[in-house]
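Each remark here refers to the structure printed beneath this line.
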Amino acid sequence: MKSSAGTSSSKLYGSDEKKPLASNSEQKCSTVKGKLEKSSMLSGKRPLDKGNCSDQSSAKKPKISDTPTAMKSKQLTVKAEKEKADEDDDDDIPISQRIKKSPPSNSKTSSMKQKAAKVVSSSLKKLNKKSKKEFKNSKYIKSTKVSPSSGDGQKKWSTLVHNGVIFPPPYKPHGIKLLYDGRPIDLTPEQEEVATMFAVMKDTDYMNKPQFKKNFWEDWSKLLGKNHTIKDLDKCDFTPIYEWHLQEKEKKKQMSSEEKKALKEEKLKQEEKYMWAIVDRVKEKVGNFRVEPPGLFRGRGEHPKMGKLKRRIRPSDITINIGKNAPIPECPIPGESWKDIKHDNTVTWLAFWNDPINPKEFKYVFLAASSSLKGQSDKEKYEKARMLKEYIKNIRAAYTKDFTSKDVTKRQIAVATYLIDKLALRAGNEKDDDEADTVGCCTLKVGNVECIPPNKLKFDFLGKDSIQYVNTVEVELPVYNAIGQFHTGKSKSDDLFDKLDTSKLNAHLKELMPGLTAKVFRTYNASITLDEMLNKETKDGDVAEKVVIYQRANKEVAIICNHQRSISKSHSAQMSRLTEKITELKGVLKELKIDLDRANKGKPPLKDADGKQKRNLTPEVLEKKIAQTNAKIEKMERDMQTKEDLKTVALGTSKINYLDPRITVAWCKRHEVPIEKIFNKSLLAKFAWAMDVDPDFRF
DNA sequence: GTAGACACTTAGTACGACGTAG
DNA sequence: CTACGTCGTACTAAGTGTCTAC
């Protein structure tokens with residue numbers, strides 16, 4: 001069994017561990033500590049540092065963020081205690097039943113060790129339900145850290161306490177008038193608010209989009225009313241408001257750092273209580289506790305709804321989800337109240353409201369990425385992708401066979417699966433007409449895939465976020481031929497896979513491997529690429545060199561997944577500055593060479609650019625300088641190349657969402673690269689569950 | 001099998017903090 | 001100390017995929 005549990009190396013990589021909330025009393029204190037330490041050790045987690053009772057107070061502090069914070073411990077305890085009743089609720093499941101769900105080997109003992117080990121190996125198999133029984137009649141507070149959660153429709157938590165959401169402040173009118181036909185116009189605060197939203201977008205690209213203006217005008221003119229002076233957006237001059245906005249921004253910038261700090265602290269104080277939730281008695285960070293402020297909808301690409309007013313969300317729009325026995329959060333706006341209160345422990349959201357732009361959709365408040373709940377499902381995601389590794393050979397064989405199937409649907413499924421596997425395409429769900437026109441694999445249009453004889457395909461389409469995917473790839477001949485067939489008799493705007501949609505595709509994939517869906521291929525592809533590249537490319541060298549290896553692998557993955565970013569405004573300026581510097585250095589180099597030449601002949605160096613006499617240097621010194629300069633030039637050229645290569649590549653997305661952190665952590669351990677060189681603070685927190693991985697781990 | 005409701009992950013961008021070269 | 005550039009984070013849009021009801 002691979003039990004790296006509490007190896008010394010894991011300490012090096014230990015992230016700030018969140019600690020279960022302690023209840024109060026002294027005796028609990030010691031029990032908690034004892035049990036915790038054990039569970040920590042056995043599940044490979046870093047044991048609590050000193051683990052003495054006096055540390056307990058610190059357990060109440062949010063370790064991850066180091067934020068001063070801390071909800072009042074008293075308040076906390078009270079709530080946690082209250083919630084205990086909740087926890088007992090789920091005791092109505094007979095023990096026998098629960099035991100049945102557990103693997104037999106696990107049922108005979110309640111040893112944490114077995115449980116912990118199980119978690120790793122079987123969480124995917126959905127065998128191991130959260131069995132809290134072991135803790136039930138004790139005062140132990142379990143660490144939910146690695147408790148396996150379960151499959152769908154299952155319980156996600158037992159107790160949940162939180163304080164709801166915080167609303168943006170009401171609008172403060174500024175009274176600056178816009179000009180209509182050159183004349184200043186009075187607006188009501190509501191009208192002014194929306195006008196200001198538009199005004200401040202003056203220098204964005206949206207201002208060049210007729211759709212944006214059209215949608216804005218539709219919503220704003222409604223607010224203005226039928227008989228308003230303003231009848232034509234084009235006659236409006238928002239410059240005064242825009243300038244006021246710039247001034248405000250400048251004012252803010254000019255504030256002294258003390259003022260800024262004070263402001264920040266004030267904000268923190270107000271938000272503090274919303275930042276945390278207590279899930280199964282563990283304090284967890286909430287992800288987005290701020291309700292989205294009103295604004296103009298900024299859809300990506302050619303979104304039909306861009307520019308529409310996103311109205312203000314009020315408490316009566318919001319449904320709260322919270323533990324049965326937890327106090328219902330007070331509505332922060334006096335005189336108003338929540339839309340609804342739920343106690344649904346099969347979901348993880350703390351609150352939601354309907355998206356004002358598309359009322360059929362929802363905006364959720366979830367826990368932060370650092371929470372156990374998220375970590376748990378993240379881990380399951382990667383375990384599933386690793387499972388695909390075992391099946392992939394057969395899956396490939398199967399679809400290869402079906403490239404020539406007489407059944408068109410089968411052929412389409414085969415080719416689509418091939419593309420998803422080979423190119424890491426997204427599944428491609430159907431989209432509505434009121435969304436940007438983008439596609440994924442199943443929704444590819446004939447015009448998106450061009451056949452280039454003898455066996456190449458050129459892809460060109462807009463994917464998620466309207467990011468363009470262009471790629472020409474050589475494919476197996478049967479695939480090439482099949483695509484040709486799918487083309488025939490269709491126009492460019494017809495569906496390439498007319499017999500296919502994501503649900504059919506996924507239904508098929510599920511037959512090949514339990515839980516397999518299209519997106520798993522992307523995760524698999526990304527992680528296996530990282531793992532293989534790291535293990536092939538890593539050579540002896542210093543940390544910096546190894547980090548470069550990692551970044552190269554990361555970049556490779558980002559390219560596979562088509563993770564792009566826009567070129568920074570200053571990119572070209574930066575590049576020319578670098579070129580300039582290199583030219584300068586080359587000049588220096590040339591001069592040094594001349595001097596060296598002369599020095600070798602015993603002559604003094606030439607005068608410098610200002611006509612001044614330079615110091616007489618020995619050939620040795622000159623040679624050294626030449627070498628240094630050369631190295632400098634080479635480094636700069638390399639840096640420039642990297643910069644150019646990465647100007648449109650976003651490395652972050654794959655790191656956050658696609659690369660199994662255990663690959664990275666294990667590699668870091670093996671090659672003595674401090675994990676902090678690869679993961680920043682938030683990634684360390686998010687991947688806390690991966691930190692204790694065995695150094696031998698391979699994806 | 002299909003549409004719609006629902007829940008959750010994945011995505012790029014804006015912007016401020018922060019570090020560092022000059 | 002300034003200016004520049006990078007980094008980290010918040011924000012929220014845009015995907016994926018499941019389930020249910022017909």
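Order of the sequence lines fixes the chain letters, A, B, ..., with proteins taken first and strands second; residue numbering starts at 1 for each chain.
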Mind checking the CD1-SG spacing from A:Ile413 to A:Cys442? Nearest 0.5 Å is all I need. 9.0 Å

Nearest-Å distance, [atom1] ([X]) to [atom2] ([N])?
X: A:Ile467; N: B:dA11; atom1: CD1; atom2: C1'; value: 8 Å
X: A:Asn562; N: B:dG12; atom1: CG; atom2: C1'; value: 12 Å
X: A:Lys384; N: B:dC8; atom1: NZ; atom2: P; value: 14 Å
X: A:His508; N: B:dG1; atom1: NE2; atom2: C1'; value: 18 Å
X: A:Phe362; N: B:dC6; atom1: CZ; atom2: P; value: 4 Å
X: A:Glu361; N: B:dA5; atom1: CD; atom2: P; value: 10 Å
X: A:Asp434; N: B:dA3; atom1: CG; atom2: P; value: 15 Å
X: A:His563; N: B:dT9; atom1: NE2; atom2: P; value: 16 Å

What is the nucleic acid contact for [X], judged by heavy atoms within less than 4.0 Å: base, sugar-phosphate only, or nothing?
X: A:Tyr658; value: sugar-phosphate
X: A:Ser377; value: sugar-phosphate
X: A:Lys569; value: nothing
X: A:Lys253; value: nothing

Has the side chain of A:Asn345 got a donor or acceptor atom that lies under 3.5 Å from a matching backbone atom of A:Trp157? yes

Sub-3.5 Å donor-acceptor pair from the side chain of A:Lys686 to the main-chain atoms of A:Ile656, do we have one? yes

Can you give one letter per nucleotide of nucleotides 6-17 of chain C, 5' to 3': B if a protein heavy atom sits under 4.0 Å from the base, S if only from the sugar-phosphate, - if neither? S-SSSSBSBSBB

Measuring from the side chain of A:Thr348 (C-beta onward, heavy atoms only), which nucleotide among B:dA11, C:dG5, B:dC8 has the closest atom? B:dC8

Among B:dT9, B:dC6, B:dG22, find the nucleotide with the atom closest to the side chain of A:Tyr364. B:dC6

Kindly confirm or rule out a cation-pi arrangement of A:Lys374 over A:Phe366, judged by NZ or CZ under 6.0 Å from the six-membered ring centre and within 45° of its axis? yes

Contact between A:Ile663 and A:Ser527 at the side-chain level, heavy atoms closer than 4.5 Å - yes or no? yes

Does a side-chain heavy-atom distance below 4.5 Å link A:Val291 with A:Ile166? no

Are A:Arg577 and B:dA21 close enough that a side-chain N or O sits under 4.0 Å from OP1 or OP2? no

It should be established whether A:Lys156 places a side-chain nitrogen or oxygen under 4.0 Å from OP1 or OP2 of nucleotide B:dC8. yes

Quick check: on DNA chain B, is the nucleotide nearest A:Ser503 upstream (toward 5') of the one nearest A:Trp349, or the reverse? Name the residue that is more 5'. A:Ser503

Of A:Asn657 and A:Asp432, whose nearest nucleotide on DNA chain B comes first from the 5' end? A:Asp432

Exactly one of A:Leu516, A:Asp501, A:Thr517 should register a side chain to side chain contact (heavy atoms under 4.5 Å, CB included) with A:Asn506. Which one does? A:Thr517

Check this for me, if you would: do A:Asp645 and A:Lys555 make a salt bridge, where the nitrogen-to-carboxylate-oxygen distance has to be below 4.0 angstrom? yes

